Amino acid sequence: MYDFKKIEKKWQKIWEDKEVFKAVNNSDKPHYYILVEFPYPSGSGLHVGHVRSYTAQDAKARMKRMQGYNVLYPMGYDSFGAPAEQYAIKTHQHPAKVVEQNVETFSKQMKSIGFSFDWSRAFSTSDPEYYKWTQWQFLQFYKMGMAYKADVPVNWCPTCKTVLSNEDAAGGVCERCGSSVELREKSQWMLKMSDYAEDLLNGLEDTNFADRVKLGQINWIGKSTGASVVFNIKEVDDTLEVYTTRPDTIFGTTYMVISPEHEYLEKYKDVIKNIKEINKYQAEARKKSELERTELNKEKTGVKIEGLTAINPITEKEMPIFVSDYVLSTYGTGAVMGVPAHDTRDYEFAKKFGLDIIEVIEGGDISKEAYTGDGVHVNSDFLNGLNKEDSIKEIIEYMEKKKCGTKKTNYKMRDWIFSRQRFWGEPIPMIYCDKCGWVPMNEEDLPLVLPDVPNYEPTENGESPLAAIPEFVNCKCPKCGADARRETDTMPNWAGSSWYFLRFMDAHNTQEFASMDAMKYWDKVDWYNGGMEHTARHLLYARFWVQMLYKLGLVPNKEMIWTRVSHGMILGSDNQKMSKSKGNVINPDDIINEYGADTLRLYEMFMGDYQMDAPWNIDSLKGCKRFIDRVIKLFDKVNDKEGFTKDVVVLQNQTIKKVQNDLSDLGFNTAVSTLMILANKYDELDSITKDDYRLLLQLLNPIAPHFTEEMNEKLGFEPLYATAWPEYDEAKTVENEVTIAVQVNGKLRATIKVDKDIDKDELLKIAKNEENVQKFLADTEIVKEIVIPGRIVNIVVK
RNA sequence: GCAGGUGUGGCGAAAUUGGCAGACGCGCUAGACUUAGGAUCUAGUGGAGUAAUCCAUGGGGGUUCAAGUCCCUUCACCUGCACCA
């Protein structure tokens, strides 16, 4: 009788004691770096979703090791962030304490599943030894001019009392608490990510990311090309600059719009006759949250600016200027030219305000809607007769000659707002001195650690909790020695996770964040697995971070991640996302207790396509347990013959090939079913040899490592972890006798067994002789005969 | 609205990339063994039909000797982004 709890503990101890999974820097073996996204150590413990991706990559890591690779498969914790802070506030503990407890739980859970992580490299992003380097890197970015402070309208969550990045406030809703987000002006640390838009785009060529991942990055960066066009203003000696992707439609411009935040409203408040009305509109727009602005996008609002008139630089025509919140202050120049005939939003606005609509491209019906397609230009002077592409080229050339416009590229991606008014994050190592302004901390004073204080609740005015701690705030200016104040904002959660994969390459380095030698040895993350939800922003932040380090000469490659893959979610048995409120959460501990870690691992690999969502099914899990029990029972069939059983050699070679390919390429479910087929075959035999049995154990070991080691030991072999992965012989993956389908007019009429090397004519002859085929050939005329050796015979008749 | 994805038995899913649709597993049905079974074993299991055979991969059309797979069109659902000029 086998006791899985005892056996699993036994092997986990052996692996740990013998440091079987330790990665060695500078080994002679070929290196392979497999990375899984490290978890946020929440209070609810490990999720079955973690188990899915960690098991999958674990299987790959285990196979790669047996294939002779020096595999780096590390684990750590992304431990800064609001949930730990909030939980700590609620339970009156220090967040560090909370993190420590949760990390312990997570580690224990992961060890009980038998993941082959190199635990010696583990760390948490909230360890001072780690965040020292996050801070150090920030200082380098500051010194190279990539970090700056700016007053920006930021997304403000009234509930969390904190500023959110555009990403965290997607859709105008706070990602954490779901509150509606407001806009507020705040002085924030920013990273000049927009400087790297083009590099981040081009860098994708140096990666092997899946297409859907690349596309996510491309969309996020949001490159567009067009023109910047300058309009004169009639009443004042000034110009209004707009950005447009359709300069070819300039003859159809009938009005201009600027955003409520546009500087001209302040600058020309004395010229604007209806400034009161406009100020009122501005105030309303500010009050509207992002959410309302988007939700109410059907109805356009705005005010005509009395006293300012724009002049079309091409036609010299005068036209009104409006202020409207459908124009964003943060994109382009915060001003647009209104071409209602050929832009949907302009069309709506023009209809509402009764503005002229001039068609300049043929092809649509502008009495009904704006026509945004391509076509022949009309009413456009020298552009008449040209299509979109040609007229864009033509008009830009013309504008450049007339000096009223120029070719321009824009990106949706904005600079990264890097400040959080939170306690539980890396303190930003900057000091404000009344004389010297912002001064970076001396590097030798790092880490700047979080103070050990009992209170760190957010302040009412939105300042960081650190601002209320004088011991932290007050300091001396590193430059002049005068009394100075520390920055009290902390870094966002994304900071620590933007470079953790570099630290894993050299986790104990006290002199550098990671040595160049170590990073050169590992070269890149070969294989990075994570959630679909992180393929856009986390990946982009990490790539940006690395590219800055590269510019500083601190990493060997501009892209440090080669392949990125993502996994599907595990849903509850009700096909809904698992959540406490729905009561459909599965705790991996319960499964391990009742069925064992091997069963849990096997089931999660077998449950479906790894890249797709899959619902939890307890019966299916039991089926996997049954399979393991059956493999254990096969032990009783082992005879004392040498070598492999002749009847199963082909199947064995096929199985090795299939499992090997599947584990390399996310085909975990089919790897398992292939192994089930082999086990079923063994079951049919009266007896099997030790080698037969051992092969099955070896192939199954990466997915279910505990019991396979145990059974292998019972056979008297050396441990599987110390054994080379079996090799298959391509020539032996095909049976001598193959089954061929015979069709008449594409319909199956017979199957025949023939020698695999049979020649075409012979094959056709045998096919035609089949009784049932004869029946369908009778009284017909053969039109065509298709013979594909090894596959199919199809006879077409009339 | 835009982008991406998915749609195959009662369920999770396979399908060598254009070549026998439903591998493997769950569930179900019948039987065996058992004091008992929610344990185990054996057989069956897409639908219709006694059968030969016919029908079947969201719907419709097409290409091809051959389509789940390629093309066109349409519907449904999921995930991002969302007034980005």
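Letters A, B, ... are given to chains in the order of the sequence lines, protein chains preceding strands, and every chain is numbered from 1. For clarity, every value in this text was computed on a predicted model and none was experimentally measured. Computed over heavy atoms, backbone and side chain alike; hydrogens, waters and symmetry mates excluded.
Applying the 90° criterion around 0 to the glycosidic angle, G9(B) comes out syn. Base orientation for U17(B): syn, the chi torsion being within 90° of 0.
One finds a side-chain N or O of Arg626(A) lying less than 4.0 angstrom from the OP1 or OP2 phosphate oxygen of G27(B). Checking the phosphate oxygens (OP1, OP2) of U16(B), no side-chain nitrogen or oxygen of Asn661(A) falls inside 4.0 Å. Phosphate proximity of G12(B) to Asn575(A): absent, as no side-chain N or O sits under 4.0 Å from OP1 or OP2. A sub-4.0 Å separation between OP1 or OP2 of A14(B) and a side-chain N or O of Lys658(A) is absent. The shortest distance between the side-chain N/O atoms of Asn669(A) and the OP1/OP2 oxygens of C24(B) is not below 4.0 Å. Distances shorter than 4.0 Å separate none of the side-chain N or O atoms of Tyr326(A) from OP1 or OP2 on A85(B). Here Thr344(A) does not reach the OP1 or OP2 of C83(B): none of its side-chain N or O atoms lies under 4.0 Å away. Here Arg749(A) reaches the OP1 or OP2 of C54(B): one of its side-chain N or O atoms lies under 4.0 Å away.
Note: CG (Leu621(A)) to P (C24(B)) measures 21 Å, nearest angstrom. Nucleotide C41(B) holds its C1' atom 14 Å from the CG atom of Asp629(A), rounded to whole Å. When the P atom of A52(B) is taken as reference, atom CD of Gln774(A) falls 20 Å away, rounded to whole Å. In this structure, Arg791(A) places its CZ atom 10 Å from P of G18(B), rounding to the nearest Å. When the P atom of G19(B) is taken as reference, atom NZ of Lys784(A) falls 17 Å away, rounded to whole Å. Residue Met569(A) contributes atom CE, which lies 12 Å from atom C1' of G80(B) at whole-angstrom precision. Look at CG on Leu571(A): it is 10 Å from P on A13(B), rounded to the nearest Å. Asp662(A) has its CG atom 17 Å from the P atom of A23(B), to the nearest Å.
The shortest side-chain heavy-atom distance between Met256(A) and Ile258(A) does not fall under the 4.5 Å cut-off. Put simply, the side chain of Val793(A) reaches to within 4.5 Å of the side chain of Leu763(A), judged on heavy atoms.
For the residue pair Ser391(A) and His377(A), a side-chain donor N or O sits within less than 3.5 Å of a side-chain acceptor on the partner.
Outside the 6.0 Å centre-distance limit, the rings of Phe606(A) and Phe627(A) are not counted as a close aromatic pair. Taking the six-membered ring for Trp and the full ring otherwise, Phe322(A) and Phe349(A) have centroids separated by under 6.0 Å.
Looking at the side chain of Ile792(A), the nearest of the listed nucleotides C83(B), A85(B), G19(B) is G19(B). Looking at the side chain of Ser224(A), the nearest of the listed nucleotides A3(B), C54(B), A85(B) is A85(B). Distance from the side chain of Ile677(A) is smallest for A23(B) among the nucleotides A23(B), A85(B), U6(B). Side-chain proximity of Pro615(A) to the nucleotides G19(B), G12(B), G25(B) is greatest for G12(B). Counting only heavy atoms from C-beta on, Ala614(A) has its side chain closest to A13(B) among G25(B), C20(B), A13(B). In this structure, the nucleotide among C20(B), G25(B), G27(B) sitting nearest to the side chain of Arg630(A) is G25(B). Comparing G4(B), U6(B), C54(B) by their nearest atom to the side chain of Lys747(A) picks out C54(B). Nearest nucleotide to the Thr670(A) side chain, out of C81(B), U53(B), A15(B): A15(B). Picking from C24(B), C81(B), U53(B) the nucleotide with the shortest atom distance to the side chain of Lys775(A) gives U53(B).
With both pairing distances under 3.5 Å, U34(B) is matched to nothing as a Watson-Crick or G-U wobble pair. Base pairing of A56(B) is not made with any nucleotide, judged by Watson-Crick or G-U wobble geometry with both donor-acceptor distances under 3.5 Å. Look at G68(B): it lacks any Watson-Crick or wobble partner with both distances under 3.5 angstrom. Nucleotide C2(B) has G80(B) as its partner under the Watson-Crick or G-U criteria, with both atom distances under 3.5 Å. Pair assignment for A14(B): none, as no Watson-Crick or G-U wobble contacts are both less than 3.5 Å. Look at G44(B): its Watson-Crick or wobble partner, with both distances under 3.5 angstrom, is C28(B).
Test Asn575(A), Leu621(A), Asp574(A), Asn584(A) against Trp616(A) for side chain to side chain contact (heavy atoms under 4.5 Å, CB included) and you get one pass: Leu621(A).
Taking the P atom of each, G19(B) and C26(B) are spaced 29 Å apart, rounded to whole Å. Using C1' as the reference atom, C71(B) and G18(B) are 13 Å apart when rounded to the nearest Å. A76(B) and G44(B) have their C1' atoms separated by 35 Å, with the value rounded to a whole Å. When the C1' atom is compared between A56(B) and G38(B), the two are found 35 Å apart, to the nearest whole Å. Comparing A3(B) with A82(B), their C1' atoms are spaced 11 Å from each other, to the whole Å. Remark: the separation of the C1' atoms in U69(B) and G62(B) is 15 Å, to the nearest Å. Separation of the P atoms belonging to A14(B) and U8(B) is 12 Å when rounded to the nearest angstrom. Between the P atoms of U74(B) and C2(B), the separation comes to 12 Å (whole Å).
Residue Thr244(A) is classed as a sugar-phosphate contact, given heavy-atom separations below 4.0 Å to backbone atoms only. Among the protein residues, Asn794(A) comes within range of the nucleic acid bases, having at least one heavy atom under 4.0 Å from a base atom. As judged by a 4.0 angstrom heavy-atom cut-off over every strand, Asp683(A) is placed among residues making no nucleic acid contact. Using a 4.0 Å heavy-atom criterion, one finds that Leu215(A) contacts the sugar-phosphate atoms exclusively. Backbone-only engagement by Gly623(A) is indicated by non-hydrogen atom pairs under 4.0 Å involving sugar-phosphate atoms exclusively. The residue Asp346(A) sits apart from the nucleic acid: no heavy atom pair falls under 4.0 Å. Using a 4.0 Å heavy-atom distance criterion, Asn745(A) is classed as making no nucleic acid contact. At a threshold of 4.0 angstrom between heavy atoms, the contacts of Lys633(A) are confined to the sugar-phosphate backbone, with no base atom among them.
Heavy-atom neighbours of Asp686(A) CG from other residues, nucleotides or ligands within 6.0 Å: at or below the threshold of 12.
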Please evaluate residues Val797(A) and Asn745(A) with respect to the criterion side chain to side chain contact (heavy atoms under 4.5 Å, CB included), reporting the C-alpha separation (whole Å), side-chain torsions for both, the decisive distance (0.1 Å), and the verdict. CA-CA 6 Å; Val797(A) 298; Asn745(A) 282 350; 3.6 Å; yes

Worked check of side chain to side chain contact (heavy atoms under 4.5 Å, CB included) between Phe231(A) and Cys404(A): CA-CA 7 Å; Phe231(A) 289 69; Cys404(A) 63; over 6 Å; no

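Seen from the ring of Tyr326(A), Lys300(A) counts as a face-on cation partner, given the 6.0 Å and 45° thresholds.
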